[in-house]
Every structure is written in structure tokens, then in C-alpha cells.
Amino acid sequence: MSRQTNKLSATAVKMAKPKDKIFRMADGGGLYLEVSPSGSKYWRMKYRHAGKEKRLAIGVYPDVSLVKARGARDEAKRQLAQGIDPSTAKRIARQQGEQTAGNTFKVVAVEWLEKVHQHEVVPAHYQRNKRRMERDAFPIIGKRPIAEITPPELLGCLRRIEERGHVETAHRVKTLCGQVFRYGISTGRVERDPTPDLRGALRPSKTKHYPALTDPKEVAELLRAIDGYGGQPTTIAALKLAPLVFTRPGELRQARWGDIDLEAATWTFEASKTGQPLIVPLPHQAVTILSDLHGLTGRTEFVFPGIRSSKRPMSNATIKAALDRMGFKGEMTAHGFRAMARTILAERLNYPEHYIEQQLAHAVKDSNGRAYNRTTHLEQRREMLQSWADYLDALRDGTDNVVPIRTGS
């Protein structure tokens, strides 16, 4: 390679005209401009490595200026001095760049959602979390290489959610991001999870409490109001069944006849939050309600079909709207039946908490840390729900001495 360098000028490079054949304009030090008949101009460098003559492709002019081409030449010379082949180093750098581009936060997150999270939770929960990521995380950090995301950068993403007044969502997205980073660690695409560094950086989320009636006198008024409600038959049946079984509102309105065995007095389904099978023992009052309703909706898939289409379940706003119309707006919601049952069963009927929690389909574990299965304490829960249904009847009817006292576990 020639020791004389910087022979070319910016003007000479710019004014170079194509000829019938490819020709080269040397700048020295192995660097030259190659001009093709079409007028394209390429920067290349000739060098020797391990006894072999080789060429390094530097770039296209004018994207790569004369100054940049000389900088690339000088860097190549430094690499050669260290025994590094510049062409090999460039290929490795390109591959690493492609790998980084393929390991953006969004790429890793979508992979985690589809390969892991989708199989850990029920479909509705998966879809909610997927929408959270698509709405709140991907637009801000989705295109960033996951290995380059810093705690302040992640905090900036979460602060945008917090500033909209959605503090709880910000915490949920932080949790989801942490799961994505930990998946990225396990798959070798990031070295650490930055979410622990954000401890205390977000405003604390306030636990959302659904309005619920827990005073027996108020519950009695509610039950009598339901008895006198003049809405759709399916709505009335749902209102009467809700306090008896106190499942989650979505589980109730999406109940399917195929999951209900009236002869065995059981309703079996997957709990929406845990994805675990749950058997709900039906008290005879619930069996009566369902038997009467079967004559109306028994030919449809859903126990409580929608008004506009029997192929869809009842709207998630139906029960709340009915409670509002009955005068309980701000005092009772569809979800409130769960709090009502939990409070009274524990405080007034003295049932063991683990019976109640299991019936609520919460993640309950035994003394050995094992999750209860769907049949655990089935007969005890059957007795509890029958006692609960009888208690509600007595409240509604105004019968005296309606509070049984239980002990034991």
C-alpha cells in the first residue's frame, strides 16, 4: 500500500465523470474511489492480511463522503495493526447490528406473550395484557433494542401512563415489562431487568373497592328489591343467582348450560383469574332458578344470552344497570355480591376463611403450599352455600334469629 495519502480532493471526487469502463481514483493508503460506467461511485480499500491481498467495501459516495472514507481507512489500518481483518470485523459488526435490530423490546415482548404468557393465563387476561403492551409500551420503547433500555427510559414510558391518571395501569405495565425483561435474560438477549430499580418511583396505586352492601338490613332491602324488579326474565334470574353463588360477574354472565348439571347441582368452569377448574355446588334455590330459566334459554349455549343475539352472553353492564335502576347506584355493583358474601360468611356465619376464599376462586393453598384442586372441601362448600342461601331467604323474608353460629374448620 502506498504511503502517500490524501491525494484526492472533495471537488475531484464530486466532479469525477463515468467512462466506458470502471476506473479508480486512488487517495493513498489503499483507499480508492471506484467509478462505474453508470456513474455510481464506491469507496473501497485494498490491503493485505495474513499474506493475502483483500478489499474492504467502505460505502457509496455521496452517502460516504471523502472525509468519512478516510476515517474508515484509518480505522481499518488500526485494526490491521492489531492483527484484525477489517472485512471480518465489518461482517461481525453487521451481524451484531442485525441481531440487535431483531431483539427490540417489542420483538421479545411479543415472543413472550405468545410462547409463555398466553399459556399461563386465561384468554381474556392474555388479551387485556396484550392490549396494555400495544397501547402503553410498544409505541414508546417497542423499537428500542431491549438490551439498551435503561431504568430512566422505562420510567419515562410508565410516567406517560401515570400522567393520564392511570396509576394502577402504570404498575401493571411495569410488572409486564419486568416479565419481558426476565424472559429476555433467560433467552440471552438482555443481561438484567431494570424494573427493580424503579421501586418507589411511581405513585402507589389505590386498591379499587367495588361498592357492596354488607349490613344484613341493607342486604334484605336489596333482595326484596330484586324480587320486585320488573326487567327481562334473564336479568331477573341473573340478579337472583348472583348473591347465591357470588362468582365473578363475567363468569356468571358467560355461564354455559353445558357446564351446569342440575341433577348433581353443580356448575363447573374455569375461574377467569386463575384459569383453574372450579366446581360451584348449587343450593336448591339456585337449582330452582336455573330450572325455571332452562325452559326459556335452555336451547342456547349461554344461560344468560344477550337480548340482541342469543349467540352472545348478556352484556357486562346489564346487572349494574338494573341495580342502578333499583336505586342502589353507588352502593352496590355486580362485583359487590362477592364482597357481600365474603364479609357476612366470615363475620356473621363464622365459616372458615379458606372455604370462602376457595369458593371465591382465589389462589388458595393448603398448609403445604399446594394449590387446592376443584374438589377440595366440596361437601363443606356445598353445606356453606346452602346455609348461605337459607340465610338470604330468611333476611329477605324478615325471619327472626337468622344468624347461625359455626365453629371449627
Side-chain angles (χ1 to χ4, degrees), residues 207-229 231 235-255 267 269 271-273 278 280-286 288-290 304 314 316-364 377 380-406:
T207 303
K208 183 177 182 180
H209 295 287
Y210 295 93
L213 300 177
T214 56
D215 182 276
K217 292 181 180 179
E218 295 177 339
V219 172
E221 293 177 6
L222 170 64
L223 296 173
R224 286 191 283 268
I226 291 174
D227 268 3
Y229 184 63
T235 304
I236 296 172
L239 284 166
K240 290 183 176 181
L241 195 62
L244 296 176
V245 296
F246 49 89
T247 58
R248 293 181 176 87
E251 295 165 347
L252 179 66
R253 69 184 184 84
Q254 296 181 70
W267 171 24
F269 60 92
S272 59
K273 292 295 184 181
L278 175 70
V280 176
L282 300 172
H284 69 77
Q285 291 92 331
T288 298
I289 294 169
L290 290 168
F304 305 104
M314 172 187 291
N316 59 3
T318 300
I319 293 180
K320 180 183 182 303
L323 290 168
D324 290 351
R325 283 194 290 271
M326 284 187 283
F328 294 95
K329 186 173 184 179
E331 297 179 16
M332 189 65 181
T333 63
H335 204 281
F337 288 111
R338 291 168 62 78
M340 181 179 83
R342 189 184 190 285
T343 300
I344 297 178
L345 280 168
E347 296 181 0
R348 294 182 175 271
L349 303 190
N350 296 323
Y351 276 94
E353 183 177 350
H354 56 281
Y355 290 2
I356 304 169
E357 291 298 298
Q358 190 180 4
Q359 192 56 53
L360 288 165
H362 288 163
V364 183
H377 301 134
Q380 293 92 332
R381 289 186 289 116
R382 183 180 295 280
E383 188 275 334
M384 179 179 72
L385 263 67
Q386 186 58 62
S387 178
W388 169 244
D390 294 341
Y391 173 78
L392 293 179
D393 281 350
L395 275 185
R396 184 186 60 244
D397 297 340
T399 307
D400 293 332
N401 301 319
V402 296
V403 183
I405 303 298
R406 284 186 50 88

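Remember, it's a predicted structure, so these values are computed and weren't measured experimentally.
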Please step through side-chain contact (heavy atoms from CB on, under 4.5 Å) for the pair W388 and I344, ending with a clear verdict.
CA-CA 9 Å; W388 169 244; I344 297 178; 3.7 Å; yes
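- Residue pairs meeting the side chain to side chain donor-acceptor pair (under 3.5 Å) criterion with at least one partner in residues 238-250, sequence neighbours excluded, are R248-E251.
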Walk me through whether L252 and I319 qualify under side-chain contact (heavy atoms from CB on, under 4.5 Å). CA-CA 10 Å; L252 179 66; I319 293 180; 4.1 Å; yes
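- Side chains of Y229 and R325: a donor-acceptor N/O pair is present below 3.5 angstrom, by distance only.
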Exercise. Give the C-alpha distance, both sets of side-chain angles, the deciding distance and a yes or no for side-chain contact (heavy atoms from CB on, under 4.5 Å) between F246 and L345.
Key: CA-CA 12 Å; F246 49 89; L345 280 168; 3.8 Å; yes
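- Take E353 and apply the side chain to side chain donor-acceptor pair (under 3.5 Å) test, not counting sequence neighbours, and it matches R342.
- Side chain of S387 to backbone of E383: no donor-acceptor contact under 3.5 angstrom is found.
- Listed by first and then second residue, the salt bridge (Lys or Arg N to Asp or Glu O under 4.0 Å) pairs involving residues 211-223 amount to none (not counting sequence neighbours).
- With sequence neighbours excluded, no residue forms a side chain to side chain donor-acceptor pair (under 3.5 Å) with R224.
- Expressed to the nearest 0.5 Å, how far CG of L323 lies from CD1 of I226 amounts to 6.5 Å.
- Residue Y391 comes nearest to R348 through the heavy atom pair OH-CD, 3.9 Å, listed as atom of the first residue, atom of the second, then distance.
- The minimum heavy-atom distance between Y351 and I356, with the atom names listed, is O-CD1, 3.7 Å.
- Listed by chain and number, the residues in a side chain to side chain donor-acceptor pair (under 3.5 Å) with D393 are Q285, R396 (sequence neighbours excluded).
- Taking A225 as the reference, M326, F328 meet the side-chain contact (heavy atoms from CB on, under 4.5 Å) condition, with sequence neighbours excluded.
- In this view, T343 and T214, E347 satisfy the side-chain contact (heavy atoms from CB on, under 4.5 Å) rule, not counting sequence neighbours.
- Ring-plane geometry between F269 and W267 is classed as tilted, the angle between the planes lying from 30 to 60 degrees on a 0 to 90 degree scale.
- Scanning for salt bridge (Lys or Arg N to Asp or Glu O under 4.0 Å) contacts around D390 gives an empty result, with sequence neighbours left out.
- Between V219 and L213, the closest heavy-atom pair is CG2-O, 3.7 Å.
- Taking the six-membered ring for Trp and thresholds of 30 and 60 degrees, Y355 and H377 have ring planes inclined between 30 and 60 degrees apart.
- When all heavy atoms of P281 and L385 are compared, the closest pair comes out as O-CD2, 3.1 Å.
- Of the inter-residue distances, the one linking Q359 atom CD with M384 atom CE reads 5.0 Å to the nearest 0.5 angstrom.
- Closest approach of L395 and A220 over heavy atoms only: O-CB, 3.3 Å.
- For residues 326-339, there are no salt bridge (Lys or Arg N to Asp or Glu O under 4.0 Å) pairs, not counting sequence neighbours.
- Looking at residues two or more places apart in sequence or on another chain, you find a side-chain contact (heavy atoms from CB on, under 4.5 Å) between T318 and T235, M314, S315.
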Using the side-chain contact (heavy atoms from CB on, under 4.5 Å) rule, take Q254 and F304 through it: C-alpha gap first, then chi angles, then the decisive distance, then the call. CA-CA 7 Å; Q254 296 181 70; F304 305 104; over 6 Å; no
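- The nearest pair of heavy atoms linking P243 to L392 is O-CD1, 3.8 Å.
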